[in-house]
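Structure, as structure tokens:
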Amino acid sequence: MGISNWGLAWTLIMPIALILYYFYRKKYKDQQVSSILYWQQVMKEMQASPYLKKLQHHALFYLQLAALLLLVLALLNPYIKSASLQGGEFIFIIDTSASMLAGSPSGLEQQKTLMKELAKEAQGKPVTIINAGSTPEILIGPEQSDRALQQAIDSIDAGYESAEMEKTILFAETLLEENSGVIHIFTDSLDRNILANKTGAAFEVHAIKEKPANVSVRQFGVAEGPSGYRAIVQVLNDSEAAIVGAIELSGGDHTVNTEIELEPGEEKLIPFENLPAGELWQATLAVDDDYKLDNQAYTYVNQSIDTVIIDNALHNLVARGVASLGITGNSASAEELPKFAGIPLITNQSKLIGGDSPVLLIGRNDETTFDVSGQVETDGHPLFVYAPMDDVYIASLYPGFDNFTTAATIDGEPFIQLSPDGDIIVLADIEATDWPLSPSFPLFLWSAVNELSDSDEYLGTFLPKEHRAVALSSSGGDWEIFKGEEYQFSYIEGQSSFRAPKEPGIYRAVNDEEIKSFIVQLNNEEKILTSGQNYSAGGAIETTSSTEHSVIPWLLLIILLLILAEWEVYRRGTSNG
């Protein structure tokens with residue numbers, strides 16, 4: 001406790017004057033006269049308790065003295081110090097991705113508990129909370145009420161989508177109004193290089209220090225073979241102990257199981273042969289680990305495509321890539337392509353987009369290229385599950401299409417896009433890349449052809465909360481989304497792009513006329529658990545300090561109570577006297 005206004009210490013003269021008043025006030029001698037003889041009987045009770053009478057006289061003095069002393073203390077402006085966060089304002093960035101649900105309690109619950117503690121230590125300074133999803137979202141703020149902040153933190157739930165930390169941090173920096181702002185980041189781990197060149201705001205990274213044990217289904221696919229359907233499940237033991245478990249495959253009414261054993265760090269491909277025909281399949285890994293979300297994977301079996309039509313104006317490496325997949329690639333001129341309705345086309349003719357046939361556009365015949373030099377960055381779309389683009393070099397790009405969804409970029413410019421009708425656009429000529437030298441090239445062609453061959457009963461595979469234009473059309477325009485038999489939400493055609501549910505699983509879009517299935521699948525990044533260390537970066541601001549809280553309101557309340565007590569003592573004294 002401290003005093004901030006010693007200049008008013010002279011007011012101590014007031015209680016001293018009160019004491020002197022009681023010392024030197026005029027004394028009166030009791031004298032009986034005949035007119036008060038009748039009151040003696042009434043006073044006997046008081047005279048029988050002389051200590052009470054003295055106490056009543058002295059109590060008035062003590063109450064007056066206490067009130068004056070507290071008033072003098074209030075004028076000196078006393079305060080109490082308490083620990084608080086250093087900084088003028090705060091931004092809390094919370095990672096709500098699926099990987100934050102690992103552990104018991106989960107990493108998300110641990111970080112929410114820490115957020116609550118720091119929100120209290122903010123001591124009334126403004127706090128803004130941001131969810132670091134695919135698009136940064138302000139959950140509350142700037143807010144100074146601790147109660148409102150606690151309620152907002154309690155309501156935070158997992159979003160399952162990957163955290164876009166770099167984008168969110170840039171967004172948070174634009175919200176700071178003063179140089180004393182501090183950005184607190186709550187995540188499982190954050191690369192120090194992301195904050196290496198930050199010189200404005202101060203950053204405090206709160207990470208999960210222990211890595212949970214995890215066994216995951218990394219890849220899962222089902223395809224038609226010579227003797228029926230065949231499935232392959234890729235599993236990885238990303239923990240420090242050997243595990244024993246089982247994998248169950250289910251599709252329709254058919255279920256098959258197999259036991260597995262994995263050493264620490266071991267990866268296995270588990271095959272399943274002679275499966276019956278089915279479109280939607282689910283692989284479930286039954287093991288004892290700390291993260292259950294990546295123990296399931298889903299896949300849709302596309303109808304096999306034997307033939308695609310390839311524009312003879314494209315480089316012959318495209319035809320070779322298609323041939324390596326066991327798919328027949330028939331060559332045709334640009335003028336002949338519109339005749340092949342319903343068959344996937346691979347071309348550079350932009351006018352064919354949105355036509356009667358699904359199109360894989362490689363390059364553009366209506367634009368000129370510009371040079372680029374950066375790395376390919378993908379957004380986790382299912383096109384890249386089997387075709388990583390990390391080591392692909394692209395020398396030049398064509399301009400992108402407006403209002404198309406971008407799935408991969410280079411230097412911030414669109415590289416691979418998706419049209420509202422489901423066509424796939426690669427905005428580069430094959431001869432301007434080294435892509436055909438990479439194993440990812442034929443794998444991308446395979447993924448693209450499968451994406452183009454999706455049936456009318458299947459909407460596609462989505463990432464959690466992904467926005468995408470889908471082929472939903474009905475007379476009523478109202479669709480109800482179900483997961484199993486559980487209703488999720490309704491979607492009305494034309495109001496906005498379709499937004500997938502956040503939880504992974506197999507879903508159905510239902511209306512009065514038809515049923516369409518779709519899958520929500522975790523991003524592969526969310527199957528990799530990490531741990532990190534707490535650290536500070538950016539501006540040099542300490543993380544702890546003290547805040548002064550004035551006690552004047554409490555002193556005034558006590559003084560008021562003393563005045564009320566003084567009035568009661570005086571009233572009793574006069575009534576009894």
Side-chain angles (χ1 to χ4, degrees), residues 97-104 106 158 160-161 212-225 228-239 241-302 380 382 385-386 458-464 481-486 488 500-508 517-529:
S97 60
S99 60
M100 291 290 288
L101 295 176
S104 181
S106 68
Y160 295 87
E161 53 189 346
N214 184 38
V215 184
S216 61
V217 178
R218 290 300 173 91
Q219 306 289 350
F220 171 47
V222 179
E224 187 177 3
Y229 285 89
R230 183 174 187 266
I232 293 198
V233 183
Q234 179 191 30
V235 293
L236 174 64
N237 180 13
D238 190 17
S239 60
I243 65 98
V244 176
I247 295 180
E248 177 184 279
L249 247 65
S250 57
D253 297 330
H254 184 78
T255 301
V256 59
N257 296 274
T258 185
E259 295 184 354
I260 59 169
E261 294 184 11
L262 292 172
E263 297 298 321
E266 183 179 5
E267 178 182 314
K268 280 187 177 181
L269 294 176
I270 312 297
F272 292 84
E273 304 288 349
N274 301 321
L275 298 175
E279 290 186 339
L280 290 168
W281 289 84
Q282 174 178 322
T284 303
L285 178 62
V287 293
D288 184 16
D289 65 355
D290 296 327
Y291 185 42
K292 303 302 181 184
L293 278 176
D294 61 356
N295 292 355
Q296 291 183 325
Y298 316 90
T299 191
Y300 174 77
V301 182
N302 292 331
V385 168
Y386 302 104
Y458 183 67
L459 291 180
T461 301
F462 297 80
L463 297 174
I481 309 302
F482 290 85
K483 184 180 182 182
E485 300 300 323
E486 183 179 353
Q488 301 294 312
K502 66 178 183 179
E503 293 187 19
I506 298 175
Y507 292 82
R508 294 177 296 122
S517 300
F518 65 95
I519 290 173
V520 177
Q521 195 92 280
L522 277 184
N523 191 323
N524 277 349
E525 294 179 3
E526 297 307 310
K527 300 180 181 181
I528 303 173
L529 300 185

Check: Should Glu526 and Met100 be marked as a side chain to side chain contact (heavy atoms under 4.5 Å, CB included) after you check the CA-CA gap, both sets of side-chain angles, and the distance that decides it?
Finding: CA-CA 9 Å; Glu526 297 307 310; Met100 291 290 288; over 6 Å; no
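The side-chain hydrogen bond (donor to acceptor under 3.5 Å, both in side chains) contacts involving residues 258-278 comprise Ser227-Asn274, Arg230-Glu273, Gln234-Glu267, where partners must be two or more places apart or lie in separate chains. Note on residues 282-291: pairs passing salt bridge (Lys or Arg N to Asp or Glu O under 4.0 Å), not counting sequence neighbours, are Asp289-Lys292.
Between the CD atom of Gln219 and the CD1 atom of Ile232 there is a distance of 11.5 Å, given to the nearest 0.5 Å. Here CD1 of Ile481 is found 10.0 Å from OH of Tyr507. Values are rounded to the nearest 0.5 Å. Atom CG in Asp294 sits 9.0 Å away from atom CG in Asp238 (nearest 0.5 Å). We find the OG-CD1 distance between Ser99 and Ile528 to be 9.5 Å, quoted to the nearest 0.5 Å. If you take CD on Glu161 and CG on Leu463, they are separated by 9.0 Å, rounding to the nearest 0.5 Å.
Across all their heavy atoms, Ala241 and Pro264 have their closest contact at C-CG, 3.7 Å. Taking both residues in full, the closest heavy atoms of Asn295 and Ser216 are given as OD1-CA, 4.3 Å, listed atom of the first, atom of the second, then distance. Residue Gln488 comes nearest to Glu486 through the heavy atom pair NE2-O, 3.4 Å, listed as atom of the first residue, atom of the second, then distance. In terms of heavy-atom proximity, Gly278 sits nearest to Tyr229 at N-CE1, 4.3 Å.
Between Phe462 and Phe518, the angle of the ring planes goes over 60°, which puts this pair in the perpendicular group of the 30/60° scheme.
Remark: side-chain polar atoms of Gln521 are paired, donor with acceptor, to backbone N or O of Tyr298 under 3.5 angstrom. Not one N or O on the side chain of Lys527 forms a donor-acceptor pair closer than 3.5 Å with the backbone of Leu293. No donor-acceptor distance shorter than 3.5 angstrom exists from the side chain of Glu279 to the backbone of Tyr300, with no hydrogens or angles considered.
Here the side chains of Tyr458 and Leu280 are in contact, with some heavy-atom distance below 4.5 Å.
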N/O donor-acceptor pairs under 3.5 Å from side chains in residues 242-255, not counting sequence neighbours:
none

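Looking at Val233, Leu236, Ile270 one by one, the single match for side-chain contact (heavy atoms from CB on, under 4.5 Å) with Val217 turns out to be Val233.
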